[in-house]
Amino acid sequence: MTIDFLAELRWRGLLKDCTDPVGLAKHLADPAASPRRAYVGFDPSADSLTIGNLVPIMMLVHFARAGHQPVVVMGGGTGLIGDPSGKSAERTLMTDDTIASHVRAQRPIFENVFAGAGLSAPKIVNNADWLTKMSAIELLRDVGKHFSVNQMMAKESVRERLHNREQGISYTEFSYMILQAYDFLHLFETDGVTIQMGGSDQYGNITAGADLIRRTVERRAEARYQAEHGQSLDDAARIEGAAVAGYSERWFGLTTPLVAKADGGKFGKTEEGAVWLTGPRTTAYAMYQFWLNASDEDAIKFLKLFTLLSQSEIESIERAHAAEPFKREAQKILAIQTTTLVHGKAEAEAALRASQALFSGDIAGLPMEMLEQVFAEVPSTDHPCAQLEGGIDLVDVLIETSLAKSKREAREFVGNGSVSINGSKAEPDAKLTEADLLHGKVIALRRGKKAWHLTRWG
RNA sequence: GGGCGUGUACCCAAGUGGCCAACGGGGGCAGACUGUAAAUCUGCUGGUAAUACCUUCGGGGGUUCGAAUCCCUCCGCGCCCA
């Protein structure tokens, strides 16, 4: 079960930057100091995380599979400030309550994914626990003193805003980096966490943390060495020998690449918006469909990034897929694997069944129980049964179900044969009547290939 | 504070008195072909009781038979000067 963490990240394409790959390999391989601890910070700006966040989560999963201890840091404290990285405008501050509720809502995501990977839950901490207790003077004296404003202004996330006439950047967001850097120092000192990981957009913040540790911890170690040996600890000794001698410790940062789609589009977006990792925002069915629709080029890449299948398993899928791409084996495996990881086996299998039923269009013969299950994933509306007496125009129903935005559009859809009733194509002047009811209760409408809607009549 | 520009549909962008519900491109939706893919082709992309009418070109007001288009004013944005 134990894997080589760095080698695993490399073949999967999960590794972008590392502050010191050689040093880190040694660091992780040292049996005396195992397990090592690594953390990733997550921003509670929403009550869920998106599929993009799954990349660093997978990094933590692999870290655990390598026999080490992953730590999840919820940004309950830093979220009160707001990370300027990648943001073109100053953020609106969120209230304590909002942040705290977001933190609570995100927590199960980590537990679920780790459970899905067959691992025990990772340690989860909230940086509000230490950041909110820090006084302003402490922050400025103990932390701020180690930062050069000149350097901070040179960081990408800040520089862009400094040169932007319209937006600028507040002192609050400018200071964000200091807080995140302090997280690393705090975890290093209190929990023995030596590695920070994150998306490549976090590299600046990660190195800021590493710098802070060097300036505080390492200087302390150097001072101790000097006091005991009467001579200074030079760089070579620091790296090679001093760690062993206990006078210096090492810390590392590594980042995951930004996931890009082969067609250049933004990863993790659908027509409905971002793909989220929790059911209330993105159902298991929607997530399953998202993966199933991956392009051929992306499917193999995603298998490496988002599943725990082995290298040889993925290679064999790749061969099969290259031979018979129309079978879409890669996408199917990708979809079931990732959906299982995030939503669990039962929900993933339900999503699979729903997909099969909905895309075969063969739903008229399904028993009610099955129908309810399949359409649990699909939007639905209630309608008075009386309307069916004598028939109601399909066009009107399409608007009520918001499958069409206007009558004009509804007529267009029906006219070019893109609407089906219970799986069979609707005639241009179709009306819905009692005869269309399945099990006396529901009528399933579909527009195009993918947009289903369940109407309930009662 | 002054000068010169600029604001058009989801985005970019034409249009500078009637032929304007407004060229074109992107994006989106649908159809055909397919593999729930890509590429390609076709249609649609203000609304309705539809050969017509109604609401739209930053907001408000005005000129005119008639305004996205001209005038006034306010607001937003850009560049230059102070």
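Letters go in sequence order (proteins before strands), and every chain restarts at 1.
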Is A:Lys332 side chain donor-acceptor paired with the B:U36 base, going by distance under 3.5 Å alone? no
For B:C41, give the paired nucleotide (Watson-Crick: N1-N3 plus N6-O4 or O6-N4; G-U: N1-O2 and O6-N3; both under 3.5 Å), or none. B:G31
Gap in Å between the two P atoms, one belonging to B:C74 and one to B:C79, rounded: 22 Å
When the C1' atoms of B:G62 and B:C44 are considered, how many whole Å apart are they? 39 Å
Determine: side-chain N/O of A:Ser295 to OP1/OP2 of B:A37, distance under 4.0 Å, yes or no. no
Can you tell me whether the side chain of A:Gln289 and the base of B:U36 have a donor-acceptor pair closer than 3.5 Å? yes
Are any of A:Ser355's side-chain N or O atoms less than 4.0 Å away from OP1 or OP2 of B:U36? no
Would you please say whether a donor-acceptor pair under 3.5 Å links the side chains of A:Asp183 and A:Gln180? no
How far does the C1' atom of B:C57 sit from the matching atom of B:G76, given to the nearest Å? 16 Å
Is the shortest side-chain N/O distance from A:Arg447 to OP1 or OP2 of B:A30 below 4.0 Å? yes
Please check the phosphate of B:A37 (OP1 and OP2 only) for any side-chain N or O of A:Lys450 closer than 4.0 Å. yes
Do we see a donor-acceptor contact under 3.5 Å between the side chains of A:Thr98 and A:Thr95? yes
Pick the P atom in B:A9 and in B:G35, then give their distance to the nearest Å. 41 Å
Quote, to the nearest angstrom, the P distance that separates B:A30 from B:A38. 12 Å
Under 3.5 Å, is there a donor-acceptor pair between the A:Gln337 and A:Thr340 side chains? no
Would you please say whether a donor-acceptor pair under 3.5 Å links the side chains of A:Trp276 and A:Ser48? no
Distance check, C1' atoms only: B:U69 and B:U64, in whole angstrom units. 13 Å
Would you indicate, yes or no, if B:G47 has its OP1 or OP2 atom less than 4.0 angstrom from a side-chain nitrogen or oxygen of A:Arg408? yes
